[in-house]
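The block underneath contains the structure these notes are about, expressed in structure tokens.
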Amino acid sequence: MGKPWKREENGETIVRTCAWSPPGCHPVGCGIQLHVKDGKVVQVEGDPEHPITRGALCPRCLALKDVMYHRDRIMYPLKRDPKDRGKDAWERIALDEAFDLLEEKTRYFSETYGPESIVVFCGTGREATKYHNELAFMGFGTPNACYAQSGWACYAPRVSSMAYLMGGGYPEIDYAARYPDRYNHPGWEAPKYIMLWGKEPLKSNADGLWGHAVIDLMKNCGTKLICVDPRITWLGTRAEINLQVRPGTDAALALGLLNVIITEDLYDHDAVDKWCYGFAELAERVKEYPPAKVAEITWVDEDLIVEAARRYATSKHSAIGWGLSVDQNPNGIQVGQALLALMAITDNLDVPGGNTLGLPIEDDTNVDMINRAMEAGTVTPELFEKRIGAAEFPFVCQLMSTNHPDSVLDTLETQQPYRLRMGVFQSSNLVGGAITAAQERWLEAMKESFEFCVATELFHNPTTMALCDLVFPLKTFAEHNTLVESHYGFNVAFEGACNKAVDVVEGVSDLEFMMRIGERMFPDYWKQFASMEDYMTQVEVPGDMTWEELREHVVVQPEETYRKCEKGLMRFDGQPGYMTQTGRIELWSTAYQQFGDDPLPYFQEPPFSPYSTPELFEQYPFVLTTGGRKYTSFHSEHRQIDRLREIDPQPTVEINPVAAARLGIAEGDWVWIENQNGRVKQVAHLTEGIHERVVHAHHGWWFPEQDGEEPNLFGFRQSNINMIMPHKVIGKLGFGNTFKCHICAIYKVTDE
Ligand SMILES: Nc1nc2c(c(=O)[nH]1)N[C@H]1C(S)=C(S)[C@@H](COP(=O)(O)OP(=O)(O)OC[C@H]3O[C@@H](n4cnc5c(=O)[nH]c(N)nc54)[C@H](O)[C@@H]3O)O[C@H]1N2
Ligand SMILES: Nc1nc2c(c(=O)[nH]1)N[C@H]1C(S)=C(S)[C@@H](COP(=O)(O)OP(=O)(O)OC[C@H]3O[C@@H](n4cnc5c(=O)[nH]c(N)nc54)[C@H](O)[C@@H]3O)O[C@H]1N2
Ligand code: SF4
Ligand SMILES: [Mo]
């Protein structure tokens, strides 16, 4: 154990903690030390004793004080008369009064129209995500938990495909995350190659992979990189191979790599014979994807495809870091299937230096949550059946336990099969933020449908201004106790304590919000938890440890075990193999087939593209990808933080200089990005690191400095790329959207 979690030094109290949210981030829990003086955080620095981050922090955590003590932060609960929606007409109320009002409204809608008339929205990765389903099922008693991104296109396609194909948790690059002695650990090996597939971890630090770990491996251990990305990223400039794939064609590329590996007999026969199901059928399928054809589909050179396949398969062991581009793809679950096949048939899964593997998905899952809710009687099986879109998209909704986002938008518009009347916005800025596409449709539909809206928030944004009648201030991670675990429990690098350092607002944390409404609505269930810390001990902290004990350690790493399938650790019955119908990793999927999809991976052309809509492409001649991450923001957040905004003052769209020259566009020009759904403007950034026929636009833009009242709503319509994105799921089983594979035209903004 390192220094105590709290110590006195030079007249300051120093609190060691793990950073999470709010402000927004994924559950990565970077080590941070907060210096407190006179009840205020006066300095923020990295914690050198954190086993993974070892003192490193990114600009958003370094700007924590700017968020906590910002002039515009919501400090007290605020109420607004529904007739004043859209106006800056807020009234300060006390916290108890706010909960009284929330309880009254929840009871009213629940008793008058049924609990299903309430919908609880949640965005990504933050503390609220951990409790999303639980808040809906055991706080408000509604079956309608909604993650509003079209096609549930973040992370869920990746974890779902893994659950269906092998019943295991998320395969992550083996960067020695679970060893206190990290890269020096005996028995650990560094990956020879890392294939970064549609992931840019330096900026995203997504889910449970830190970008600096990739750099560590390259610098200290000689790991080499292959990048699969339409852009050449910073890491890409250090890669041996860049496969500059046409956005949305990842399935074809992965099948092309499999073709080379199988045709050239570079796979591991033992791994295939023992642990894979359906290899012969897969071998037959990949014959449809020879490198020459794949080169045509993906715009990647044939030679590079062959070379990348050879290096990955023959450099034991190597790892694949797969990102969001797998999900925001026409057929992400097939991409996942093909990537898992790559790992499995080359014996790169659950081995040192390959991809680590999470245990079979046990407690703490969404499915477990619904069982607990039914046991507690806060939702009934009949009520659970009323989840919007669950019947239409069972592949998505059974495992995630939420409703389906695209069906929710339809329901808001048509009020069928029933009307949603109360909206709870928890960690999602649905209007003018990041998560929704077709943003005008969502705004209009929610205005029509919702009679009452509540949010928990740090700052006002287009959502609170347009819709909310009640707002609870949120405590930052420096202001409350909680627990963070990477990969949401699907493949944990460590458990970390988030330790409260100070008080700032008269507000709530996500856990507190859930417990306080839960205690009012379902006291019989919630009375078993004496406090939030007790709740964490009983429900969250693994093993016999209490939350207070975890706090003493700040970080606890679980043990790593490789080749779990041989040891019977991947099945609940303790038998060797995997938790699938065939007991093996299913290259040919019984589950996909049962749900009505092809059991083998295949490529599906994006719905708008040079090949599926050639006439439209003449009018909109660029392939558009969006949303590559920025150091300075988490989705729509941080726009009001001066220090960060100075670095990225405006939304930018990346264009190749050759294409820009043709269009008379220079660096820094405002340009329109237009397609069949409308147009928004961003600032042109010219870079040779992007394909000539591809552009990349940043997402989540609104302008806190502009008028927040209707109709302007902080000017989100001006530049938010999701104004011109369709909200329409594209994958056969209900996953996937076009955020990373649409089309557009680009032209200069004139004085018109
Ligand atoms: N700073 C910051 N960090 C974040 C977030 C944030 O908003 N800000 N958001 C968090 C969230 S919710 C997520 S899901 C993760 C996502 O983080 P990542 O998984 O890293 O995904 P992105 O940054 O969206 O995109 C990664 C790369 O994919 C490339 N790409 C674009 N289209 C395609 C394609 O069709 N195929 C392939 N192969 N590559 C493509 C992009 O050029 C980009 O370099 O980041 C998390 N971390
Ligand atoms: N075009 C395009 N659009 C995209 C993407 C893309 O790549 N391209 N990426 C998509 C992806 S992967 C995702 S996951 C979504 C993300 O979408 P969201 O997660 O909905 O992100 P935001 O719109 O920023 O809304 C989050 C809100 O939560 C608040 N908040 C911050 N921390 C906390 C917290 O701890 N608790 C609570 N209760 N609230 C908090 C913030 O202040 C903010 O207003 O965006 C998607 N949108
Ligand atoms: S990734 Fe960056 S913003 Fe997120 S917790 Fe770590 S340092 Fe903070
Ligand atoms: Mo995401």
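Listed by chain and residue number, nothing satisfies the salt bridge (charged side-chain N to carboxylate O under 4.0 Å, His left out) test with Asp534 (two or more places apart in sequence, or in another chain). Every residue meeting the salt bridge (charged side-chain N to carboxylate O under 4.0 Å, His left out) condition with Asp327, not counting sequence neighbours, appears here in chain and number order: Arg158. Looking at residues two or more places apart in sequence or on another chain, you find a side-chain contact (heavy atoms from CB on, under 4.5 Å) between Asn722 and Gln439, Asn720, Met725, Phe739. Residues that satisfy the side-chain contact (heavy atoms from CB on, under 4.5 Å) test with Val556, not counting sequence neighbours, are Met545, Leu550, His553. Considering only residues two or more places apart in sequence or on other chains, Lys475 meets the salt bridge (charged side-chain N to carboxylate O under 4.0 Å, His left out) condition with Glu512. Evaluation of the salt bridge (charged side-chain N to carboxylate O under 4.0 Å, His left out) rule for Arg629 yields no partner, not counting sequence neighbours. Residues satisfying the side-chain contact (heavy atoms from CB on, under 4.5 Å) test with Ser428, not counting sequence neighbours, are Leu430, Ile435. Among residues two or more places apart in sequence or in another chain, the side chain to side chain donor-acceptor pair (under 3.5 Å) test is passed with Tyr147 by Gln149. Qualifying side-chain contact (heavy atoms from CB on, under 4.5 Å) partners for Asp350, counting only residues two or more places apart in sequence or in other chains: Leu357, Tyr562, Lys564. Checked against side chain to side chain donor-acceptor pair (under 3.5 Å), Trp152 has the following partners two or more places apart in sequence or in another chain: Thr402.
Ion pair Arg60/Asp66 not flagged as a salt bridge, since none of the NZ, NE, NH1 or NH2 atoms sits closer than 4.0 Å to an Asp/Glu carboxylate oxygen. Salt-bridge formation is detected for the pair Glu540/Lys130: a Lys NZ or Arg NE/NH1/NH2 atom is positioned less than 4.0 Å from an Asp or Glu carboxylate oxygen.
Taking each heavy atom of Pro405 and Gly151 in turn, the nearest pair found is CG-N, 4.1 Å. The two atoms that bring Leu34 and Thr17 nearest to each other are CD1-CG2, 3.9 Å, heavy atoms only. Here the shortest heavy-atom pairing between His212 and Leu202 reads N-CD2, 4.2 Å. The minimum heavy-atom distance between Gly125 and Trp20, with the atom names listed, is O-NE1, 2.9 Å. Residue Asn348 comes nearest to Ser318 through the heavy atom pair OD1-N, 3.0 Å, listed as atom of the first residue, atom of the second, then distance. Counting all heavy atoms, side chain and backbone alike, Asn737 lies closest to Ala153 at ND2-CB, 3.4 Å.
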Using the side chain to side chain donor-acceptor pair (under 3.5 Å) rule, take Asp207 and Tyr488 through it: C-alpha gap first, then chi angles, then the decisive distance, then the call.
-> CA-CA 7 Å; Asp207 308 304; Tyr488 317 85; 3.1 Å; yes
Start with the C-alpha distance between Leu217 and Asn220, add both sets of side-chain angles, then the distance that settles side-chain contact (heavy atoms from CB on, under 4.5 Å), and finish with yes or no.
-> CA-CA 5 Å; Leu217 294 174; Asn220 302 338; over 6 Å; no
Please lay out, stage by stage, how Thr356 and Asn491 fare under the test side chain to side chain donor-acceptor pair (under 3.5 Å).
-> CA-CA 8 Å; Thr356 62; Asn491 187 354; 3.0 Å; yes
His487 and Tyr155: side chain to side chain donor-acceptor pair (under 3.5 Å), yes or no, with the steps?
-> CA-CA 10 Å; His487 277 302; Tyr155 198 69; 2.8 Å; yes
Applying side chain to side chain donor-acceptor pair (under 3.5 Å), run through Asp510 and Gln426 and close with a yes or a no.
-> CA-CA 8 Å; Asp510 290 313; Gln426 234 221 348; 2.8 Å; yes
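Sorted by first then second residue, the salt bridge (charged side-chain N to carboxylate O under 4.0 Å, His left out) pairs that include residues 222-238, not counting sequence neighbours, are Glu200-Arg231, Arg231-Glu654. For residues 120-129, every residue pair satisfying the side-chain hydrogen bond (donor to acceptor under 3.5 Å, both in side chains) rule, not counting sequence neighbours, is listed here: His26-Thr124, Arg126-Ser427, Arg126-Glu637, Glu127-His480, Glu127-Thr482.
For the salt bridge (Lys or Arg N to Asp or Glu O under 4.0 Å) with Glu479, the qualifying choice from Lys500, Arg73, Lys40 is Arg73, the only one to do so. Each of His50, Glu49, Lys3, Arg7 was checked for a side chain to side chain donor-acceptor pair (under 3.5 Å) with Gln33, and the lone residue meeting it is Arg7.
The backbone N or O of Gly353 sits less than 3.5 Å from a side-chain atom of Asp174, completing a donor-acceptor pair. Using a distance-only test at 3.5 Å, with no hydrogens or angles considered, a donor-acceptor pair links the side chain of Asn355 to the main chain of Ile320. Side-chain N or O atoms of His696 include one that pairs as donor or acceptor with a backbone N or O of Gly628 at under 3.5 Å. In this structure, Glu549 contributes its side chain and Thr546 its backbone to a donor-acceptor pair below 3.5 Å. Formation of a donor-acceptor pair under 3.5 Å by the Ser486 side chain with backbone atoms of Ala493 is found in this model. Between the side chain of Trp702 and the backbone N or O of Ser636, at least one donor-acceptor pair lies under 3.5 Å. Put simply, the side chain of Arg639 never gets that close to the backbone of Pro649: no donor and acceptor are under 3.5 Å apart. Remark: side-chain polar atoms of Thr537 are paired, donor with acceptor, to backbone N or O of Trp547 under 3.5 angstrom. Distance alone, capped at 3.5 Å, places no donor-acceptor pair between the Arg178 side chain and the Pro558 backbone. Under a 3.5 Å cut-off, the side chain of Asn133 and the backbone N or O of Ala136 do not form any donor-acceptor pair.
The shortest side-chain heavy-atom distance between Glu560 and Tyr179 falls under the 4.5 Å cut-off. Side-chain contact check for Met515 versus Leu135: every heavy-atom pair is 4.5 Å or farther apart. At least one side-chain heavy atom of Ser401 sits less than 4.5 Å from a side-chain heavy atom of Phe137. Using a 4.5 Å heavy-atom cutoff, the side chains of Phe735 and Val396 are in contact. Annotation: side chain of Ile721 is not in contact with side chain of His698 (no heavy-atom distance under 4.5 Å). Inter-residue side-chain proximity for Met162 and Leu340 is flagged as met; some heavy-atom pair is nearer than 4.5 Å. Residues Tyr535 and Leu511 form a side-chain contact, since some pair of their non-hydrogen atoms from C-beta on lies under 4.5 Å apart. Residues Ile232 and Thr237 are in side-chain contact: their nearest non-hydrogen atoms beyond the backbone lie under 4.5 Å apart.
Note on ring orientation: taking the six-membered ring where Trp is involved, the planes of Phe459 and His70 are perpendicular (angle over 60°, cut-offs 30° and 60°). Between Tyr170 and Trp322, the ring planes lie parallel to each other; the angle is under 30°, not in the 30° to 60° tilted range. Under the 30°/60° scheme for interplanar angles, the aromatic rings of Trp210 and Tyr175 are found to stand perpendicular.
By the neighbour-count criterion of 12 heavy atoms within 6.0 Å, atom CG of Asp181 is densely surrounded, having more than that number from other residues, nucleotides or ligands.
Outside the 6.0 Å centre-distance limit, the rings of Phe513 and Tyr131 are not counted as a close aromatic pair. For Tyr193 and Tyr312, the gap between ring centers reaches or exceeds 6.0 Å.
A cation-pi arrangement, defined by a distance under 6.0 Å to the six-membered ring centre and an angle within 45 degrees of its axis, is absent between Arg16 and Trp5.
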